[in-house]
Amino acid sequence: MSPMRVLLVGAGGREHAIGAALHRSEALLFVAAPTVNPGLKRLAQEYYPANVEDGPAIVARARQCRAQLAVLGPDASIAAGVADSLRQAGIPTLGPGQQAARLESSKAFAREFLARNGITATPTFRIVKAPGELDAALSAFSGEKFVIKPTGLTGGKGVLVGGIDFPTAADGKSRALAMLAESHGQPIVLEERLEGEEFSLMAFVDGKRVVPMPLVKDYKRALDGDLGGNTGGMGSFSTRDHLLPFIPASDRDTAVHVMEQTVAALHKEGMDYRGILYGGFMSTARGPQLLEYNARFGDPEALNVLTIYEGTDFAPLLLSVAEGETRDVFVRFRRRATVVKYLAPPGYGATSVPGGELQIDEATLARNAVTVYYGSVTPGSRAGSVVMGTSRAIALVGEGSSLKDALNRVEEGIPFVRGEYSQRHDIANAIDVTKRVTRMNSLRGIEPKPQGLVDNHTRSGPQPPQVFS
Ligand code: AMP
Ligand code: GLY
């Protein structure tokens, strides 16, 4: 059989990881993106300059490379309805159409859609369209225990959390008024502030079936200890049992069920969702609650799961999702832990300082089993160097038999990247993970035992901390 011709749209770290997985499955890769990702450039047969939101232009590129499958990486592309243009042109596409993509592109739509379909694992919310509605909406919450969200796409950076981003209800009210004033007529969403630990659950969705991937913990705040601004994600981890040390199988199963209900509701309302559905959940004392949906792979989460993907070849898998028929495919992930760490320009999460150069010794990193994915960078002045843009620059990914092992690989790899960058130092480390386990146990009323902690391998329920291995 001749190799499948695939057009990949987008050029961030996520798309580099998707492109690498397609390349491993011997697809012929074509890339359409506004910037040149040095990693994707090496893998691609052709690299087309393109506006990822321009449906007709993407269709033209898909025709030019005789694509048998188009894969949409970025939220902006999906929100703009590029999947609809590609499907109308007869090209099987991984990525939902514009109507269904409102689950991500309009938080107001998402909340109302879930409510009218009786999907209740969500925080209390209010949609505010005008300043005069604000006081009534705020009366639904206690004090500063609420969260303010712009309805549209913000790259994960626009959400304000009471007690962290604003100290009092009065401050929250002025932040909400300011957000409304800048929202160009779009509503904002206020939500009950939930307490708990977050996890990301991504699934392949072929219109009917939900095929889940391993859970991933994303570190969204810029600074250690979950301080600093919300970012796209500074790093992430996944464990050998595909759960998380603070998330039991029962919470994962509930979250999968919420996604199944959502896909059934989309179907009922006439929306055919073919692509990746990403649920950002918070595990709370009342079980997992949905914070947000994304209509695409997560970044960095895609880097974790695609590293350990070992089922049916990846290109045929994505094609079966795009064609609405995953029934016979074999989706499997290795029982290995993964850690992703992003290196970002100085100031990322507040005021990014672009232009710095990174020198990357990729050969040594590869010998140490560390994979490098390129994000917001352009080729530098020397071999192996890149210049950072304003967003996350490069990701180092380690895989191991335990979380500690995967983390050690990444940590040992970091000195092989030289330059000035920002990073988080606590991603997947024992102190951070123990803190999260302890916090979840105390929320669930489980007595802690005075010990260290392990990667969870085989357990299926919440447990006190054990020894980190
Ligand atoms: P979102 O873009 O909706 O995922 O929000 C970005 C981040 O804000 C999430 O990852 C959480 O850390 C935080 N957040 C969002 N909604 C809530 C909520 N209802 N309660 C507590 N934290 C939240
Ligand atoms: N890591 C969060 C996202 O991809 O939206």
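Start at 1 and go down the list; that is how both ligands and their atoms are numbered.
- Residue contact check for ligand 2: Gly298 places a non-hydrogen atom closer than 4.0 Å to it.
- On a distance-only criterion, Lys149 and ligand 1 share at least one N/O pair closer than 3.5 Å.
- Residue contact check: Lys220 has heavy atoms under 4.0 Å from atoms 10 (O) of ligand 1.
- When each of Leu303, Val340, Val305 is tested with Ser236 by the rule side-chain contact (heavy atoms from CB on, under 4.5 Å), just one qualifies, namely Val340.
- If you look at Lys107 next to ligand 1, the close heavy atoms, those under 4.0 Å, all belong to the side chain.
- Checked against side chain to side chain donor-acceptor pair (under 3.5 Å), Asp165 has the following partners two or more places apart in sequence or in another chain: Arg221.
- Residue-ligand proximity, Arg193 to ligand 1, at heavy-atom distances under 4.0 Å covers atoms 20 (N), 21 (C).
- Less than 4.0 angstrom separates some heavy atom of Leu194 from each of these atoms of ligand 1: 18 (C), 20 (N), 21 (C).
- Taking the charged nitrogens against the carboxylate oxygens, Glu191 and Arg111 do have a contact shorter than 4.0 Å, which makes a salt bridge.
- Residue Glu301 touches ligand 2 through its side chain alone, judged by heavy-atom distances below 4.0 Å.
- A donor-acceptor pair shorter than 3.5 Å can be found between the side chains of Asp299 and Tyr342.
- Taking each heavy atom of Arg175 and Phe166 in turn, the nearest pair found is CG-CB, 4.2 Å.
- At a heavy-atom distance under 4.0 Å, only side-chain atoms of Arg296, from C-beta outward, approach ligand 2.
- At a 4.0 Å heavy-atom cut-off, ligand 1 touches Val159 through the side chain alone.
- Among Asp426, Asp226, Asp224, Asp432, the one residue that satisfies the side-chain hydrogen bond (donor to acceptor under 3.5 Å, both in side chains) test with Tyr219 is Asp432.
- Distances between N or O atoms of Val161 and those of ligand 1 include no value under 3.5 Å.
- Looking at Tyr278 against ligand 2, only its side chain comes within 4.0 Å, counting heavy atoms.
- Between the side chains of Thr284 and Gln289, no donor N or O sits under 3.5 Å from an acceptor N or O.
- Residue contact check: Glu192 has heavy atoms under 4.0 Å from atoms 18 (C), 19 (N), 20 (N) of ligand 1.
- Neither the backbone nor the side chain of Gln289 comes within contact range of ligand 1; no heavy atom lies under 4.0 Å.
- At a threshold of 4.0 Å, the pair Asp251-Arg444 counts as salt-bridged, since one of the basic side-chain nitrogens sits closer than that to a carboxylate oxygen.
- Taking every non-hydrogen atom of Asn230 and a distance limit under 4.0 Å, the qualifying atoms of ligand 1 come out as 7 (C), 8 (O).
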